[in-house]
Amino acid sequence: MAVATDTLERIVHSALAEDIGAGDVTTEATVPADAVGTADLLVKERGVVCGLRAAEAAFLALDPDIRFEALAREGDLVEPHATVARVTGSQRAILTGERVALNFVGRLSGIATLTRRYVDAVEGTGVAVLDTRKTTPGLRALEKHAVASGGGRNHRFGLDDAILIKDNHLRAAGSITAAVELVRAASDLSIEVECDTLDQVGEAVDAGVGAILLDNMTLDQLREAVALVRRRARLEASGGVTLDTIRAIAETGVDEISVGALTHSARSLDVSLELR
């Protein structure tokens, strides 16, 4: 998913305000106001590039005359020590924006890289790898963009664009059937229901839902659920999925696998900015 410009600028401006505060004391003391230069943005390990738009926005917010040249595209797989962008202009703006720009590129490239590993692990199965809402507060749009850049697919963005009836909703409503009836009376959106047991799966199918989330089921239970549903609903496996387990889960016949770790456990890539 592409991040809207106003959303990107809001996030970047907030990060700059947090980092700069009342001013970059060190840079203002050591770098002449009229000094200009060029810096290379490097990715120092193998990975999938993401976050260049955010980096560019950070530098441009500090100096609109900065020239930012992207040397890679979002989603490109690069080798260690690849130069992925070049920044030319005010040295003060470059050095003041350095950490914020690197934080975005490192974090988002880390998510994209981890996502690519999960996607590669299920190659040939036809199963989609989905993200979740387990994102860093305030950064969901960027982190979901990173998942897409890594080859994953975005699940719902928020609580207003898709219906997912989870276990606490079921407790409140009393049953799957009751919850589905209440939701249908309130919205025309397609309905997905979280199921912990095969009995619940059967009830969800009978209720005519569009998708079923199979939560923390064993491989045998997943296979039974696939046989029970017989493609009458889309099946999403979820819960504790790792790189070691995702292939076997995909081979049970489910349609999708959601992985919270894509955003909550990704390690930032090692990136740096080197002034020439």
Please tabulate, for side-chain N and O atoms in residues 224-233, each donor-acceptor pair with protein atoms closer than 3.5 Å (sequence neighbours left out).
{"from": "R231", "atom 1": "NH2", "to": "D255", "atom 2": "OD1", "distance (Å)": "3.1"}
{"from": "R232", "atom 1": "NE", "to": "V229", "atom 2": "O", "distance (Å)": "2.9"}
{"from": "R232", "atom 1": "NH2", "to": "L228", "atom 2": "O", "distance (Å)": "2.7"}

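Between the Q91 side chain and the V36 main chain, a donor and an acceptor come within less than 3.5 Å of each other. A donor-acceptor distance shorter than 3.5 angstrom exists from the side chain of S149 to the backbone of H145, with no hydrogens or angles considered. No donor-acceptor pair under 3.5 Å is formed between the side chain of E194 and the backbone N or O of L213. Here the side chain of R140 pairs a donor or acceptor atom with the backbone of F157 at under 3.5 angstrom.
Considering every non-hydrogen atom in both I66 and L60, the closest pair reads O-CD2, 3.4 Å. Residues K144 and T132 come closest through the heavy atom pair NZ-O, 3.5 Å. Pairing each heavy atom of G23 with each of E28, the nearest pair is CA-OE2, 4.3 Å.
At least one side-chain heavy atom of V201 sits under 4.5 Å from a side-chain heavy atom of M217. Two residues are said to be in side-chain contact when any heavy atoms from C-beta on lie closer than 4.5 Å; R247 and T125 meet this criterion. Counting heavy atoms from C-beta on, the side chains of T263 and T136 never come closer than 4.5 Å.
Under 4.0 Å is where a charged nitrogen must lie from a carboxylate oxygen, and between R53 and E74 no such pair does. Checked for salt-bridge contact, R156 and E192 miss the test: no charged N lies under 4.0 Å from a carboxylate O. With salt bridges taken as basic N to acidic carboxylate O contacts below 4.0 Å, one links D220 and R223.
For Q221, the side chain to side chain donor-acceptor pair (under 3.5 Å) partners at least two apart in sequence or on another chain are T218. With sequence neighbours excluded, no residue forms a side chain to side chain donor-acceptor pair (under 3.5 Å) with R73.
The closest side-chain donor-acceptor pair between H155 and E256, if any, does not fall under 3.5 angstrom.
If you take CZ on R133 and OG on S258, they are separated by 12.0 Å, rounding to the nearest 0.5 Å. How far OG1 of T88 is from CG of D65: 12.5 Å, rounded to the nearest 0.5 Å.
Residues L262 and L243 are members of one and the same hydrophobic cluster, defined by side-chain heavy-atom contacts under 4.5 angstrom among Ile, Leu, Val, Met, Phe, Trp and Tyr. Residues V209 and L130 do not share a hydrophobic cluster, clusters being chains of Ile/Leu/Val/Met/Phe/Trp/Tyr side chains in contact below 4.5 Å.
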